[in-house]
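Accompanying notes for the structure given below.
Hydrogens, waters and symmetry mates play no part in the numbers below; they use all other heavy atoms, side chains included.
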Amino acid sequence: MSRKRISLRQELPLLVWLVIVWGALWQDFSPGNLLFGALLAVGVARLFYLPPVELSGRFNILYAVPFALAFVGKVVVASAQVLYLATARGPKVTNAVVAVKLRSHQDLIVTATGHVISLIPGSLVVEVDRSTSTLYLHALNITSRQDVEGLRNEVRSIEAGLIRIMGSREELEEVRMEATA
């Protein structure tokens, strides 16, 4: 199978990340270990097909800091809710699998949205339909249509926050237009 050659500039973030992970796994950031990690990273990137992650070229720290703080707040609140559900309601909790169609078709935004949602207790991404950018979530305490719509709105809000931080200009414009509508 032949594949399109990826430029070093496009592949560099992946290689740097693989070297950092290598150093962290071995808990050794000595020059020799990092050099060996770099050789392995280049070997892995050349041997195995890894589709390139296309970055938008923008990152907005002014949106990233409030997003991170809101995320921590959501984790704390959701942890308390899950604790309550586990202790007070036990096996009587109603669960559901909910499909949420995202705006973005960028792999990075779809993946980041899925990870953020999965890190908040009470929901977990069980499937991703990459062709339609749809996340399928298993969620706790879903008892009505309003709960389903609330979950969908929450996921789309998180996606909008990630688009504000690192999405493409077109996606950012779409999020801004939706906010004013």
Q | Residue that, paired with Val100, satisfies side chain to side chain contact (heavy atoms under 4.5 Å, CB included) out of Glu159, Arg152, Glu154 | A | Arg152
Q) Would you call Asn60 and Ile165 a side-chain contact if the rule is heavy atoms closer than 4.5 Å? A) no
Q.
With a 4.5 Å cut-off on side-chain heavy-atom distances among I, L, V, M, F, W and Y, is there a chain of contacts connecting Leu35 to Val19?
A. no
Q. Within the side chain of Asp147, is there an N or O that forms a donor-acceptor pair under 3.5 Å with the backbone of Thr143?
A. yes
Q.
Is it the case that the side chain of Arg58 and the backbone of Gly167 share a donor-acceptor pair, with hydrogens and angles ignored and the cut-off at 3.5 Å?
A. yes
Q | 4.5 Å side-chain heavy-atom contact, Thr113 and Leu135 | A | yes
Q | Heavy atoms of other groups near Phe67 CZ, more than 12 under 6.0 Å | A | yes
Q. Can you check whether Arg103 reaches Arg156 side chain to side chain, under 4.5 Å on heavy atoms?
A. yes
Q: State, to 0.1 Å, how close Gly37 and Trp22 come at their nearest heavy-atom pair, and which atoms those are.
A: CA-CD1, 3.4 Å
Q: State, yes or no, whether a side-chain contact exists between Val155 and Leu102 at a heavy-atom distance under 4.5 Å.
A: yes
**Q.** Between CZ on residue Arg176 and CD1 on residue Ile163, distance to nearest 0.5 Å
**A.** 11.5 Å
**Q.** Same apolar cluster (I L V M F W Y, side chains within < 4.5 Å links), Leu151/Ile120
**A.** yes
Q. Of all heavy-atom pairs between Tyr136 and Ala99, which one has the smallest distance, and what is that distance?
A. CE2-CB, 3.4 Å
Q | side chain to side chain contact (heavy atoms under 4.5 Å, CB included) partner of Val110, the single match among Thr134, Asp129, Val128 | A | Val128
Q | Under 3.5 Å donor-acceptor, Ser123 side chain and Ile117 backbone | A | yes
Q) Can you check whether Asn95 reaches Val93 side chain to side chain, under 4.5 Å on heavy atoms? A) yes
Q. Asn141 and Arg89: side-chain contact (heavy atoms from CB on, under 4.5 Å), yes or no, with the steps?
A. CA-CA 10 Å; Asn141 202 28; Arg89 304 236 339 253; 3.1 Å; yes
Q: Report yes or no: does Thr87 contribute a side-chain atom to a donor-acceptor pair with the main-chain N or O of Leu83 at less than 3.5 Å?
A: yes
Q: Mark yes when over 12 heavy atoms from residues, nucleotides or ligands other than Tyr63 sit less than 6.0 Å from its OH; otherwise mark no.
A: no
**Q.** Distance-minimising heavy-atom pair for Lys101 and Thr132
**A.** NZ-O, 2.8 Å
Q.
Measuring from atom NE2 of His105 to atom CD of Glu171, what distance do you get when rounded to the nearest 0.5 angstrom?
A. 8.5 Å
Q: Give the cluster check for Ile158 versus Leu140: same hydrophobic cluster or not, with ILVMFWY residues linked at side-chain heavy-atom distances below 4.5 Å.
A: no
Q: Dump the intermediate steps for side-chain contact (heavy atoms from CB on, under 4.5 Å) on Phe29 and Leu34, then the final yes or no.
A: CA-CA 6 Å; Phe29 289 93; Leu34 293 180; 3.9 Å; yes
(Q) Using the rule that Ile, Leu, Val, Met, Phe, Trp and Tyr join whenever any side-chain heavy atoms are under 4.5 Å apart, tell me whether Leu15 and Leu25 fall into a single cluster. (A) no
(Q) Treating Thr111 as the side-chain partner and Leu108 as the backbone partner, does any N or O pair qualify as donor plus acceptor under 3.5 Å? (A) no
Q) Would you say Val125 and Val148 are hydrophobically clustered, going by side-chain heavy atoms of ILVMFWY under 4.5 Å? A) yes
Q) Nearest heavy-atom pair of Ser133 and Ser104: which atoms, and what distance? A) OG-O, 2.8 Å
